[in-house]
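Reviewing the structure listed below.
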Amino acid sequence: MAIRVFPSVEESNKALADYFVETGRQAIAARGRFAVALSGGSSPKKLFELLASDYRDQLEWERVDFFWGDERYVPHTDPQSNYLMAKKALLDPLNIQPAHIFAVETDLPPAEAAAAYTRTMQQYFGSQDSLPLDLDLLGLGDNAHTASLFPHTSVLTNDTVSVQALYIEEVQANRITMTAPLLNQARATAFLVYGEGKAEAVRQILEEKRDVQQYPAQLIQPENGNVTWFLDEAAASKLTQK
Ligand code: 6PG
């Protein structure tokens, strides 16, 4: 695991954009494509905009396939939609074609949407239980959740390589999320976390071996160990070892 701390969010985003492109080039060279699971929320928006502008000539974007590590159970036109945020910040500016966009079908009932997404990934990878994304981009909530693996939810003990739907009391909404076993098959994992508000969650995840029910992001232990944290100084401010 690598922990990279930067003086500003901008420098962290640039480093992550460099990492994204390098990881993509390696995947394309090895397998002819780059399968990436995007994170949601607000943190990655500037990163996506940076990739779509300063990095538009740095990668064979027509070989990139976009998935989502989790999605809010809302229409694709809803401001809460992780798909919509990525569409505006990254996919449309890069003219990514529909065949390379694997969005969660939130027009289906939640459980069907999750099952359909699992099938989509199985068809894409040609396997029932080996679904190794080339890169997982993940965020971290101030309660130490990642993707939609929220504290004290049933999905935390789901040991299947799959996508699940669940109602989350904490946000009073349905979410669709990849399970930790699926996320942990990724060839590379990058957390993008910034701001003082996340500092305690970052400390808990990186420096305390605590209860995964309380600190779900600790479930992210990629099988190949390749995980990098991209932090600004504010988010890293409570770490004792940097
Ligand atoms: C989501 C995300 C979630 C997010 C964290 C951080 O759908 O909200 O996937 O895991 O990464 O909640 O969100 P912010 O970046 O908005 O702080």
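First listed ligand is number 1; within each ligand, the first listed atom is number 1.
- Between R175 and E71 there is no salt bridge, since none of the side-chain N atoms of the basic residue sits less than 4.0 Å from a carboxylate O of the acidic one.
- Looking from atom 10 (O) of ligand 1 to the surrounding protein, the closest heavy atom is A147 O, 2.6 Å.
- Numbered from 1 in the order shown, with element, the atoms of ligand 1 that lie under 4.0 Å from a heavy atom of G139 read 11 (O).
- A side-chain N or O of S148 and one of D70 form a donor-acceptor pair less than 3.5 Å apart.
- Looking only at protein heavy atoms, the nearest one to atom 8 (O) of ligand 1 is R72 NH2, 2.8 Å.
- The structure places CG of D159 at 8.5 Å from OG1 of T179, a figure rounded to the nearest 0.5 Å.
- In this structure, the side chain of N184 engages the main chain of A180 through a donor-acceptor pair within 3.5 Å.
- Among all non-hydrogen protein atoms, the one lying nearest atom 12 (O) of ligand 1 is H145 NE2, 2.8 Å.
- Across the listed options G197, G40, G69, G40 owns the non-hydrogen atom lying nearest to atom 4 (C) of ligand 1.
- Near N82, meaning under 4.0 Å from one of its heavy atoms, ligand 1 places the atoms 1 (C), 7 (O).
- Protein heavy atom at the shortest distance from atom 13 (O) of ligand 1 is G41 CA, 4.0 Å.
- Residues D142 and K198 are not paired through a salt bridge, judged by the lack of any N-O separation under 4.0 Å between the basic side chain and the carboxylate.
- Using a 4.0 Å cut-off to heavy atoms of D70, the atoms of ligand 1 that qualify are 1 (C), 2 (C), 7 (O), 9 (O).
- No part of S148 comes within 4.0 Å of ligand 1, judged by heavy-atom distances.
- Counting protein heavy atoms only, atom 15 (O) of ligand 1 is closest to S43 OG, 2.6 Å.
- The pair R31-D134 meets the salt-bridge criterion, since a charged nitrogen lies less than 4.0 angstrom from a carboxylate oxygen.
- Figure legend: R33 and F125 shown as a cation-pi pair, the cationic atom lying under 6.0 angstrom from the six-membered ring centre and within 45 degrees of its axis.
- Nearest protein neighbour of atom 6 (C) of ligand 1, counting heavy atoms only, is L140 O, 3.5 Å.
- The pair E11-K14 does not count as a salt bridge, with every side-chain nitrogen at least 4.0 angstrom from each carboxylate oxygen.
- Heavy-atom contacts of K198 reach the following atoms of ligand 1: 6 (C), 14 (P), 17 (O) (cutoff under 4.0 Å).
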